[in-house]
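Fair warning: this is a prediction, and the values are worked out from it, not measured in the lab. A note on names: the letters A, B, ... follow the listed sequences, proteins ahead of strands, and every chain is numbered from 1.
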Amino acid sequence: MNELVTHLEEKARQLRVAIVKTLHASQSGHTGGSLSAIDMVTALYFHKMRHNPTDPAWEGRDRFVLCKGHAAPAQYVALAEAGYFPREDLMMLRRLGSHLQGHPDSKGTPGVEVCTGSLGQGLSMAVGMALGLRLDQRDNRVYALLGDGELQEGQVWEAAMAAAHYKVDNLCAMVDANGLQIDGEVTKVMNVNPIADKFRAFGWQTLEIDGHDMAAILAALDQAETLKGGPTVIVARTVKGKGVSFFENKAAYHGVTPSDEELPRALECLGCFEE
Amino acid sequence: MSSMIATRDAYGETLAELGGEDPRIVVLDADLSGSTKTGVFAKKFPERFFNMGIAEANMVGTAAGLAAVGKVPFVSTFAIFAVGRAWEQVRQSVAYPKANVKIVATHGGVTVGEDGGSHQSVEDVAIMRAVPNMTVIVPADGVETKAAIRAVAAYKGPVYVRLGRNKVPTIFPADYRFEIGKGTELVAGTDLTFVTTGLMTAQAVAAAEQLKKEGVSARVVHIGTVKPLDQEIIVKAARETGAIVTAEEHSIVGGLGSAVAEVLAEQCPVPLKRVGVNDRFGTSGKAEELLKYFGLTAENLVETGRELLARK
Ligand SMILES: Cc1ncc(C[n+]2csc(CCOP(=O)(O)OP(=O)(O)O)c2C)c(N)n1
Ligand SMILES: [Mg+2]
C-alpha cells in the first residue's frame, strides 16, 4: 500500500509538471482547478479505474466524467500519460485544429466520454451512464468529478435526487472542494456549505477527505465501492492551484496560465529543475 | 486608425453611469462579473448588485421577480449560458409577462476563442429572435453599445443584447444616435448592399472600400436591432442595389441572414447570400484565426460580393 501511495504521489507530481507546461504552451486555460483536481484524477486513472488506453471504447471500462470541464488539462495530461494519445499533443491544447479542445470533447479526444464545460450538466450524464450500465447488468463504475462552485447549479441537485431515487450504487461523485470560484470564495459568492449534509439529505452516502492525501483518496474510493444501495459522494477538501505556491488559494489564478517568467518558478515548486 | 474597445467594457462603464442616474437599476451576474464587466457596477453600488452564483436559471427568474416589483434588472453572463441554460426562464418568466428585464450577454460568437465550441454561442440570436415580445440588439462597437444600453434602460420590456469578448474598432462617431428598431446606412452604394450586424459591420466597411477600388459601389447597412427588424431600410436597399449580402458572427440559421431572407422573400426578392457560421459548432483557436476559419473576414465579403454581382 505504501509503495502504491508513493508511486501515485510521484505520478501526480509529474502530472502537475505536465499541467503547468501544457498551460504555459497554450497561454489560455484553467490552472487553479486543474491543479486542485489532479491527485484525484491520478488515483482514478493510474489505480482505481479499469480502462484500456489502446482500446478507449473497451466495454469493460469504468467511466469518468469531468463535470468541471474547465479542468480539462488535468484529464488530458492523465490521458496522455496513460497512452491514449502522444504526449506531444498536449502542446497543441486549445489550438485551431487540435483534438484537445478548451473543454472536453468526446467527438475528438480518445478517452473522453461526453462533452462537458457547461457546469452542472455532467452529473446528470453520469447518472444516465450508471443507469444504463446497470440495465446491461455490467459491474462497471462511473466516477464524476465536480467543482464546489459548480454545486450552485440546480441541475446538480436534480441529478443528486435522481441518483438516490434510482439507488445507483455504481456511481461515485467527487467534489473538488477548493473553496474558490471565479468571483471569489464560494462562501461569499453563493454559499453551498455544508456540502456533505446536503448530499446526505438527498439520500447519498458521504465521505469527507483531504483531496491531496493520496492514501485517503485511495481509501475513500475503495470504501465507496463497498457502499451499496445508493450513490456515494467523496467531498474532498483541496487547495486551488495546489503544488505551485504562488498559485495556491488565489481566485485570480482560476483562468490564468503561467507566464514565461512564472514557468521556471512554477516548475521549481514542483521539484522540476530541468528547464 | 480608429480606437479599439470591447463592447463588454463599454457596457460595464455605461451600466455604472446608469446606476447613478436611476436607483431602480439592479444588476445580477452568475460568477462572471469580472468578465461581463458588471463588476464595475458592483463596486459602485454593492447593495444593488446580486451575484447569484453559477445558477443562471435562478438568476433570470430572480430578475423577473425584481422587475415585478418595479426594479429594472440587468442580467449578465456569457451568451451561451444566458440563452442556453436559462432559455425557458427567459421565455416564461421574462418574455411571456413582458417583464422589464434586460439580458445583456457577453462572449457572443466564435471570437470567444480558445474556450472552444462549448462556450461559443452561434445560435443565441436565432433563439432570442424566435421568442415573442423579445427585442434583440447586437451592437457593432463601443459607441453603439453605450448608446444601446442607454436606450435599453429607457425602454420598457424584455431585451436581449449580445456583446463580444474582444476589442473591436470604433466605427460610429461619438454623437451617434441609437434608436431601437432602426438600421443605419454607413456607406452609400448602388451595386449591392452588405446588411450586417455586430463585429461584421466593420468588416463590411472594409470590404466596401476594397470593392470601390475595383469599381464596385457597395452600400453598407448596419442592423443594430435584429428584432424588430428595420424592414424599410432592407427593402429600400434591395430595390436600389438589387443584391444583398448579409454577414453576422452567428449561424446562418435563424439569425440576421434568415431575418433578412424572410423580408426579401416576401417583399422584394433579389439575389441574396448569407455570410455567417455555416450551421456548425465553434472550435478552439485564437479569435482572429477563427474569423478566418469560419469565413468571417472582409476578404470573404469581397469575394461573396463579386459572386453575387455575377448572379445579378
Ligand atoms: C453553466 C456555466 N456557467 C458559467 C460557467 C463559467 N465558469 C467556468 S469555471 C467557473 C467557476 C467554477 O468554479 P468551481 O466549480 O468551484 O471550479 P474550480 O474551483 O474547481 O475551478 C465558471 C463560473 C460555466 N463554465 N458553465
Ligand atoms: Mg472551486
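Atom NZ of B:K167 has 12 or fewer heavy atoms from other residues, nucleotides or ligands within 6.0 Å. Other residues, nucleotides and ligands contribute only 12 or fewer heavy atoms inside 6.0 Å of the NZ atom of B:K43. Annotation: A:K250, atom NZ; neighbour count of heavy atoms from other residues, nucleotides and ligands within 6.0 Å is above 12. Counted within 6.0 Å of CD on B:Q92, heavy atoms from surrounding residues, nucleotides or ligands total more than 12; the atom is thus considered enclosed. In B:Y96, the OH atom is not crowded: 12 or fewer heavy atoms of neighbouring residues, nucleotides or ligands sit closer than 6.0 Å. Few gaps surround CZ on A:R63; more than 12 heavy atoms of other groups in view lie less than 6.0 Å from it. Within a 6.0 Å sphere centred on CZ of B:F45, heavy atoms belonging to other residues, nucleotides or ligands number more than 12. The neighbour count for A:F85 CZ, taken as heavy atoms of other residues, nucleotides or ligands under 6.0 Å away, is above 12.
The contact between A:S28 and chain B is made entirely by side chain atoms (from C-beta outward), counting heavy-atom distances below 4.5 Å. Interface remark: B:N58 contributes no atoms to any contact with chain A (heavy atom separation under 4.5 Å). Proximity to chain A is absent for every atom of B:I80, based on heavy atoms less than 4.5 angstrom apart. Heavy atoms of B:S118 lying under 4.5 Å from chain A belong exclusively to its side chain. In this structure, chain B has no heavy atom under 4.5 Å from any part of A:H70.
Although no hydrogens or angles enter the test, the distance criterion places no donor-acceptor pair under 3.5 Å between the side chain of A:R94 and the main chain of B:G116. With hydrogens and angles ignored, the 3.5 Å screen pairs a side-chain donor or acceptor of A:D183 with a backbone N or O of B:S33.
A donor atom on one side chain and an acceptor atom on the other are found under 3.5 Å apart for B:T283 and A:Q101.
Nearest heavy-atom pair across B:D115 and A:H103 is O-ND1, 2.9 Å. The nearest pair of heavy atoms linking B:S284 to A:G102 is OG-N, 2.8 Å.
Once rounded to the nearest 0.5 Å, the distance linking CD1 of A:I182 with CG of B:L32 reads 4.5 Å. Interatomic distance, CD of A:E153 versus CD1 of B:I54, reported as 7.0 Å (0.5 Å rounding).
Here A:R95 does not pair with B:E289 in a salt bridge; the nearest charged N to carboxylate O distance is not below 4.0 Å.
Of the residues considered (A:Q155, A:E150, A:Q27, A:Q121), A:Q121 shows the highest number of contacts with chain B, using heavy-atom pairs under 4.5 Å. Counting heavy-atom pairs closer than 4.5 Å to chain B, the top-ranked of the candidates A:S26, A:S118, A:G117 is A:S118. Counting heavy-atom pairs closer than 4.5 Å to chain A, the top residue among B:E56, B:K286, B:R85 is B:R85.
Counting only heavy atoms from C-beta outward, the side chains of B:N51 and A:M190 never approach each other to under 4.5 Å.
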